[in-house]
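In this chain, residues are counted from 1 in sequence order. This one's a predicted model, so the numbers in the text were calculated from it and none came from an experiment.
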Amino acid sequence: MSIESRLQELGLVLPPPPALPPGTVLPFAPVRVVGRRALISGHGPVLPDGRLWAQPGRVGDGVSLDDAREAARLTGLSILTSLKRELGSLDRVSAWVRAFGMVTSAPGFQAMPAVINGFSDLILAVYGPERGQHARSAIGVAELPFGIAVEIEAEVEID
């Protein structure tokens, strides 16, 4: 089954590229292909209309664990959008290699891995355990750009 068919089967729709605040310049590529690897720059959660998903506060203080997990899932969909734009087809991804998740965390909040599970669960659902399994880290940070709760970078192997 193609990845596009799998997305449809799961009822998932990829968002448009994010609408960044006016004047924002990103002097790097969202996805950089080097040989058989695609390196994915840090992405944040994007809503279906292209707006960045942001809530005031930090995870554990103003942003709930469930909301943060959803932000990680939306970040995964945004990453898939960038991969599709760069690769032409999501079927070119032969393996997810690694993911690095950052979570804006209130002091004492330690469930960063549970937050980033929103991303990992999405990738495993879309790509299956053989292609979707990846190494992963999840850390807490004080702030992320644009007030987002989650930022994820990743690496995939491509055909």
Check whether any side-chain heavy atom of [X] lies under 4.5 Å from a side-chain heavy atom of [Y], and answer yes or no.
{"X": "L10", "Y": "L122", "result": "no"}
{"X": "I3", "Y": "V93", "result": "no"}
{"X": "V126", "Y": "L12", "result": "yes"}
{"X": "L7", "Y": "L90", "result": "yes"}
{"X": "V115", "Y": "F109", "result": "yes"}
{"X": "P113", "Y": "R136", "result": "yes"}
{"X": "E151", "Y": "T75", "result": "no"}
{"X": "I139", "Y": "F100", "result": "yes"}

Do [X] and [Y] share a hydrophobic cluster (ILVMFWY, side-chain heavy atoms under 4.5 Å, transitive)?
{"X": "V63", "Y": "L144", "answer": "no"}
{"X": "I40", "Y": "V103", "answer": "yes"}
{"X": "L20", "Y": "L14", "answer": "no"}
{"X": "I116", "Y": "I123", "answer": "yes"}
{"X": "V150", "Y": "L80", "answer": "yes"}

Nearest heavy atoms of [X] and [Y], plus distance in Å:
{"X": "G147", "Y": "A54", "answer": "O-CB, 3.5 Å"}
{"X": "S105", "Y": "G140", "answer": "OG-CA, 3.4 Å"}
{"X": "T81", "Y": "P17", "answer": "CG2-N, 4.2 Å"}
{"X": "E153", "Y": "G42", "answer": "CB-N, 3.9 Å"}
{"X": "H43", "Y": "P30", "answer": "CE1-O, 3.6 Å"}
{"X": "W53", "Y": "L47", "answer": "CD1-CD2, 3.6 Å"}

Query - Inter-residue atom distance L124.CG - E130.CD, 0.5 Å rounding - result: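 Nearest 0.5 Å value for the CG-CD distance: 12.5 Å.
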Report task. Give, for atom OG of S89 and atom CD1 of I158, the distance between the pair rounded to the nearest 0.5 Å. Result ->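 Output value for this atom pair is 11.0 Å.
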Report task. Using the side-chain contact (heavy atoms from CB on, under 4.5 Å) rule, take V156 and L83 through it: C-alpha gap first, then chi angles, then the decisive distance, then the call. Result -> CA-CA 10 Å; V156 296; L83 278 172; 4.1 Å; yes
Under 3.5 Å, is there a donor-acceptor pair between the side chain of [X] and the main chain of [Y]?
{"X": "S41", "Y": "A29", "value": "yes"}
{"X": "R92", "Y": "D159", "value": "yes"}
{"X": "R69", "Y": "N117", "value": "no"}
{"X": "S78", "Y": "L74", "value": "no"}
{"X": "R73", "Y": "D121", "value": "no"}
{"X": "S82", "Y": "V31", "value": "no"}

Requested in this report: Go through the structure and list residues passing side chain to side chain donor-acceptor pair (under 3.5 Å) with S94, not counting sequence neighbours.
Outcome: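 Result, side chain to side chain donor-acceptor pair (under 3.5 Å) vs S94: E157.
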Query raised in the report: Listed by chain and number, what are the side chain to side chain donor-acceptor pair (under 3.5 Å) partners of R51, not counting sequence neighbours?
Result: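 Checked R51 against side chain to side chain donor-acceptor pair (under 3.5 Å); matches are D49.
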Query raised in the report: How far apart are the C-alpha atoms of E86 and R32, what are their side-chain angles, what is the distance that settles it, and do they pass the salt bridge (charged side-chain N to carboxylate O under 4.0 Å, His left out) test?
Result: CA-CA 8 Å; E86 181 64 29; R32 170 97 161 99; over 6 Å; no
Report task. Decide if the gap between the ring center of H134 and the ring center of F119 is smaller than 6.0 angstrom. Result ->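 Ring centres of F119 and H134 closer than 6.0 Å.
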Query raised in the report: With the threshold set at 4.0 Å, does a side-chain nitrogen-carboxylate oxygen contact exist between E143 and R58?
Result: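 R58 and E143: salt-bridged.
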Report task. Check whether more than 12 heavy atoms from other residues, nucleotides or ligands sit under 6.0 Å from atom CZ of R85, and answer yes or no. Result ->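 Open: at most 12 neighbouring heavy atoms sit under 6.0 Å from CZ of R85.
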